[in-house]
Amino acid sequence: MEDVIYLKKKILFTLLASFLALNFMTGCNKSSNKENGKSEKNEINQIIILSDKILYLDNKGNIYGIGENYYGTLGFDSDIKEVDKPTKIADNAKKIFADEMSTYYIDKNNSLYQTGAKVEGGIRHGFEKIADDVNLFSNDGNFCYMTTDSSNNLHIKASSFIKGGCGIYWDVNNEENNTIDSNVVGLFAGGYENLYLNDKGEAYLSGWNENSYKKVLTNVKKVDYSSGRLLTNGGELYEIKYTSSDVRDLKVTIEKISDDVTGIYRKYFVKSDGKTYWKECEEGYSTPDSTLITISSNNEITLNKNDVKEILFSNTDFTKFVYINTNNKIVLLSEDDSKELKNTTDSITDIYNFVGDDYPW
């Protein structure tokens, strides 16, 4: 009987030892991956390509940055001028916003964080929470920022030293969040004006010289937060044009840019044919010499690719593009070559090197 018990124990011990050895040899042990410096290749949920840096948000809520740290926009101390590899700068995030002077993000608890040039003046080196209960966000550099809360109330924080930030002229209380309107579902913060869209599809423009509002368009379904363009439910794309040399006067017209538009992002728009278009300003515009695009008689620019989901970057002479294709892969496209990358965090360095010194517009 004792021999049977001894045999069972020996078999159990042998099986356990074999399992542990296999687990160690195959790297299934999670701690060994960390000790060896290996990291997961997480998917990219959002990426922002600026003239001097790239910021991206992965599917775990981590924000990474690579490039220049001017004004503390990557969240590092002033003695760190540049980082040459993707570096984690925040976590628990769900949306990022950035320009050359400041970086913001909304976390998963709907709090707003910021680093870089502050609206109230000065520089913030490192993310700090500046608002709670934030739903939508838009900013204009360090002049001002606009937010909506969970009840869709619109709030504006304007600069304490530049009266008129985001189109609101404050006599007092410039540094306070001020509730402007309710039922807001779309935002665009401008230097001397702002656009916002309410839940009735009405787009309003507010000006600098006085605390006034002007309804500029109805039947609107989207205001693009980065370009200020308006898309109607009927697929018409509009842009605000000023009729006065002083943009603070609110003397504007609404000019139709295109028809049959299904989506907008920044200066680009997509039509029902699935192609991506631009509409350049006529003043000072020169036709670029590029085989990657086609320009129509009405100055509408088309990228000669049929797999574009979203354009992330283009240089001013249209010889270099970065875009996400319909297979959710990142494409580096130039006059000489086209390279497809996985939409994962290990592709960022390739993108950064490809963009180089070119500037998006």
Apply salt bridge (charged side-chain N to carboxylate O under 4.0 Å, His left out) to Arg229 and Glu239, showing your working.
CA-CA 5 Å; Arg229 290 178 171 179; Glu239 187 171 58; 3.0 Å; yes
Between Glu300 and Lys271, is the closest basic N to carboxylate O distance under 4.0 Å?
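Result for this pair is yes, salt bridge flagged.
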hydrophobic_cluster_shared for Tyr268 and Ile264, side chain cutoff 4.5 Å:
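The answer is no; the residues belong to distinct hydrophobic clusters.
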Please check if atom [atom1] in [X] has more than 12 non-hydrogen atoms from other residues, nucleotides or ligands closer than 6.0 Å.
| X | atom1 | result |
| --- | --- | --- |
| Lys108 | NZ | yes |
| Asp79 | CG | yes |
| Tyr70 | OH | no |
| Tyr277 | OH | yes |

Test item: Asn69 side-chain N/O and Leu74 main-chain N/O as donor-acceptor pair under 3.5 Å
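Here the side-chain-to-backbone pair exists.
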Donor-acceptor pair, side chain of Asp273 and main chain of Lys275, under 3.5 angstrom:
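Yes: the side chain of Asp273 pairs with the backbone of Lys275.
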If every non-hydrogen atom of [X] is compared with every non-hydrogen atom of [Y], which pair is closest and at what distance?
| X | Y | result |
| --- | --- | --- |
| Lys309 | Tyr265 | O-OH, 3.8 Å |
| Leu112 | Thr147 | CD2-CG2, 4.1 Å |
| Ile240 | Ile254 | CG1-CD1, 3.5 Å |
| Phe137 | Leu187 | N-CD1, 3.9 Å |
| Thr103 | Ala98 | OG1-CB, 4.0 Å |

Given side-chain hydrogen bond (donor to acceptor under 3.5 Å, both in side chains), test Asn62 with Lys88 step by step and report yes or no.
CA-CA 7 Å; Asn62 301 309; Lys88 183 177 176 179; 3.2 Å; yes
Apply side chain to side chain contact (heavy atoms under 4.5 Å, CB included) to the pair Asn152 and Asp199, showing each step before the final yes or no.
CA-CA 9 Å; Asn152 291 333; Asp199 58 0; 5.9 Å; no
Candidates Tyr105, Tyr113, Tyr104 - the one meeting side-chain contact (heavy atoms from CB on, under 4.5 Å) with Ile96:
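That would be Tyr105; it is the only one of Tyr105, Tyr113, Tyr104 passing the side-chain contact (heavy atoms from CB on, under 4.5 Å) with Ile96.
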